[in-house]
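Have a look at the structure below, then the notes.
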2 protein chains.
Amino acid sequence: MSITRVHNFSISLDGFGTGEGQSREAFFGHAGERLHQWMFATRWWQHGGSGGIDDVFTQQHDRGIGAEIMGAGKWGYPGWHEDPEWKGAWGPNPPFHTPVFVLTHHPRPSIKMEGGTTFHFIDASPAEAIERAREAADGKDVRIGGGPTVIRDFVAAGLVDHLHVVVVPILLGRGVRLWDGLEGLEKRYEVEAVSSPSGVTHVTFTRTSG
Amino acid sequence: MSITRVHNFSISLDGFGTGEGQSREAFFGHAGERLHQWMFATRWWQHGGSGGIDDVFTQQHDRGIGAEIMGAGKWGYPGWHEDPEWKGAWGPNPPFHTPVFVLTHHPRPSIKMEGGTTFHFIDASPAEAIERAREAADGKDVRIGGGPTVIRDFVAAGLVDHLHVVVVPILLGRGVRLWDGLEGLEKRYEVEAVSSPSGVTHVTFTRTSG
């Protein structure tokens, strides 16, 4: 059965999934790439990287995924909707290789990229977006790609089956929080935490039946 | 040399060190005892408890400590200053066994308890409180006992040498946050994280020289 999954979603120890002051030059605002350094050091990211616990978690990102849903802020910088020629922040061959549904109040025609990624722009509720993505995924799972607001909205709506969060031991102090409004979430999931020698802690939420 | 230490300070995954709605009947508000269950299962807390990683961390609480500083909210329920007969939330033989300095805008005469604990009530800045506690500690270390506001204030003032925080995998959603206003704290400390089979993650901040 097709499930919905979040992978490798990195937050600071104080709970921010992105920094303050996002722009075309600074996609994560003042956080820079500090939330993702752990990932760049893996074999999944680069030849010669580490094959340990961080790597085995990152590898789950692609396996069995047939479509992704992401927020407008993951696709591009604030204001991209006024730039009709722009094709997103992910380069000519984006690392998704499936249909990707971008949630936006400013839909535009779909864009076919290299490597199997096609961006579709939809103005839809979380439930509607999952329905669209499921059709496109053709029996495979749907990844909820972020940012923090999108993940929080889908989790709050009870639409996420597996949630993998990576707590990075830095204090960002400001930005967009992941956990707001999710009191008691642990009652609906099996929660596990495991620390890595890299310093991050992987926390997984696996939905319990019923 | 005498240093300042925080031990076993438990927060939820979303960063709350105590819940909302604290009262004489509910010292941690809606959090109840959920932030401290991991501790109750240790040998340090009870005969027959576990002697693993949670236990070795808890044992650091007492070793080499000569005095504690705590906030008014750790000593008693909101409004205790209107109850002159009350002797605090910690029973006749409190688990401190040293002088304890209670930060309050409502000082009262010191109270000598069983087992070596004496409560002193002082209206003082963090730096002044540490000076008082150091004198009383007679060369030993000073523990900053909490709650979250007190720890945050002392950390922000650069007055904490060792900080041990325990992240409990629950989402409280509301209450008092530990990390507010501490952006970039990791630059002044060596940070380590290690998960326990109990589900909690121990995060330690050790001050780097200079």
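In what follows, chains are A, B, ... by sequence order, proteins preceding strands, each numbered from 1. These values consider heavy atoms only, across backbone and side chains, with no hydrogens, waters or symmetry-generated copies.
Of the two parts of B:Tyr189, neither the backbone nor the side chain holds a non-hydrogen atom closer than 4.5 Å to a non-hydrogen atom of chain A. Heavy atoms closer than 4.5 Å to chain A are found nowhere in B:Ile11, neither backbone nor side chain. Only the side chain of A:Phe205 comes within contact range of chain B, with at least one heavy atom under 4.5 Å from a heavy atom of that chain. Contact of B:Leu172 with chain A is made through the backbone alone, with heavy-atom distances under 4.5 Å.
The local environment of CD in A:Gln46 is crowded, with over 12 non-hydrogen atoms from other residues, nucleotides or ligands closer than 6.0 Å. Other residues, nucleotides and ligands contribute more than 12 heavy atoms inside 6.0 Å of the CG atom of A:Asp62. Heavy atoms of other residues, nucleotides or ligands lying less than 6.0 angstrom from CH2 of B:Trp86 number more than 12. The number of heavy atoms from other shown groups lying within 6.0 Å of CD (A:Glu33) is above 12.
Note on B:Val200, B:Leu185, B:Val203: by heavy-atom pairs under 4.5 Å with chain A, the leading option is B:Leu185. When B:Ala193, B:Gly15, B:Gly181 are compared by the number of non-hydrogen pairs under 4.5 Å with chain A, B:Ala193 comes out ahead. Of the listed residues (A:Pro169, A:Gly173, A:Ser195), the one with the most heavy-atom contacts under 4.5 Å to chain B is A:Ser195. With respect to chain B, the highest number of heavy-atom pairs below 4.5 Å among A:Arg177, A:Arg174, A:Arg34 belongs to A:Arg177.
For the side-chain contact (heavy atoms from CB on, under 4.5 Å) criterion with A:Leu171, the lone passing option out of B:Glu183, B:Glu186, B:Lys187 is B:Glu186.
Salt bridge absent: A:Arg152 and B:Asp14 never bring a charged side-chain N and a carboxylate O closer than 4.0 Å.
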